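One structure is given here, and the rest of the page talks about it.
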Amino acid sequence: MTAPVPLIAGNWKMNGLRASLVEAAAIAEGAAGSPARVAICPPAVLIHQMSEMLAGSGVLVGGQDVHWEDAGAFTGDVSAQMLADVGAKLVILGHSERRSGHRETDEIVARKVAAALRAGLEPIVCVGETLEERNAGQASPVVTDQVRGSLPAALTGQPFSVAYEPVWAIGSGLTPSTAEIEEMHQAIRATLAERFGPAAQAVPILYGGSVKPSNAAEILHAAQVGGALVGGASLKAADFLAIVRALQA
Ligand code: 13P
């Protein structure tokens, strides 16, 4: 089975106004011809304009969350169908900032993944351990349990990716060693194989957490790393493009 096409996605989190769309335009210009799939996941209110602006550029636009229901009385929430309707192609689900800040359990994440699939969105499902869990030697069981619990059966045969984002590496400037990243990605791959068999080889497993131009090449070339989910460094086109280019370094 051939290796998956790498995916490099920027997670803008709760950053960016309409004025930030110039960064997205610069990213699209600079990413042209990249062997990776490149995506930007801005705040929901920017998706419509960004996806119209980037149409035909090859750079995909994604969301950062959806509700698990398709529609209804859920004040303040946004459905997967709504994101797809304004041009999103992908969606980040189960990010640790949602798991911890919004009490999302694996079961909720799995329901959101199923909702994304119903709307034709490609999910990027995030997993990752806390520092306490890592220090207790529990990183691998915690993360593989999250993988088992967060991926619904409906994913079989559908395109999706998993992002390994150690909570302690997010926004901290800290990163695991290459060997630690490879060990975790290998554990995730084995867990995916339990569920999806040989098709698990085609699932990109992204690394996320303090990816920046200076460490991107080493991380992206590590075994079993199929791309990156980039937070802070995706807000500036120059930094994000340096990460995209690191794939070919
Ligand atoms: P940073 O790249 O800012 O550490 O954020 C990583 C992340 O949470 C991406 O989803």
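Just so you know, these numbers come straight off a predicted model, no measurement behind them. In each ligand, atom 1 is the first atom listed, and ligand 1 is the first ligand listed.
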side-chain contact (heavy atoms from CB on, under 4.5 Å) between Ile8 and Phe240, worked out: CA-CA 9 Å; Ile8 301 187; Phe240 191 53; 3.8 Å; yes
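- In this structure, the side chain to side chain donor-acceptor pair (under 3.5 Å) partners of Arg37, at least two apart in sequence or on a different chain, are Glu122.
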Just do the side chain to side chain donor-acceptor pair (under 3.5 Å) check on Glu165 and His95 with the steps written out, would you? CA-CA 8 Å; Glu165 298 206 309; His95 192 282; 3.0 Å; yes
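- Nearest protein neighbour of atom 2 (O) of ligand 1, counting heavy atoms only, is Gly231 N, 2.9 Å.
- Within the structure, ligand 1 lacks Ala233 among the residues with a heavy atom less than 4.0 angstrom away.
- Those atoms of ligand 1 that come under 4.0 Å of a heavy atom in His95, given as number and element, are 7 (C), 8 (O), 9 (C), 10 (O).
- Tyr164 and His185 have perpendicular rings, their planes meeting at more than 60° on a 0 to 90° scale where under 30° would count as parallel.
- Looking at ligand 1, you'll find an N or O of Ser210 within less than 3.5 Å of one of its N or O atoms.
- By the 4.0 Å heavy-atom criterion, Lys13 is counted among the residues contacting ligand 1.
- In summary, of the residues considered (Ser234, Ser34, Pro6), a side chain to side chain contact (heavy atoms under 4.5 Å, CB included) with Val244 occurs for Ser34 alone.
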Check residues 41-52 and write down every donor-acceptor pair under 3.5 Å in which the side-chain atom is one partner and the other belongs to a residue at least two apart or another chain.
from: His48; atom 1: NE2; to: Glu52; atom 2: OE2; distance (Å): 3.1
from: Ser51; atom 1: OG; to: Ile47; atom 2: O; distance (Å): 2.8
from: Ser51; atom 1: OG; to: His48; atom 2: O; distance (Å): 3.1
from: Ser51; atom 1: OG; to: Val86; atom 2: O; distance (Å): 2.7

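- Within the 4.0 Å heavy-atom cutoff, Gly171 counts among the residues contacting ligand 1.
- Close approach to Glu165 involves these atoms of ligand 1, each under 4.0 Å from a residue heavy atom: 6 (C), 7 (C), 8 (O), 9 (C), 10 (O).
- Gly232 N, 2.8 Å is the protein heavy atom nearest to atom 3 (O) of ligand 1.
- Considering Val61, Leu7, Ile40 in turn, Leu7 is the only one that fulfils the side chain to side chain contact (heavy atoms under 4.5 Å, CB included) rule with Leu90.
- Each of the atoms 9 (C), 10 (O) of ligand 1 lies under 4.0 Å from some heavy atom of Leu229.
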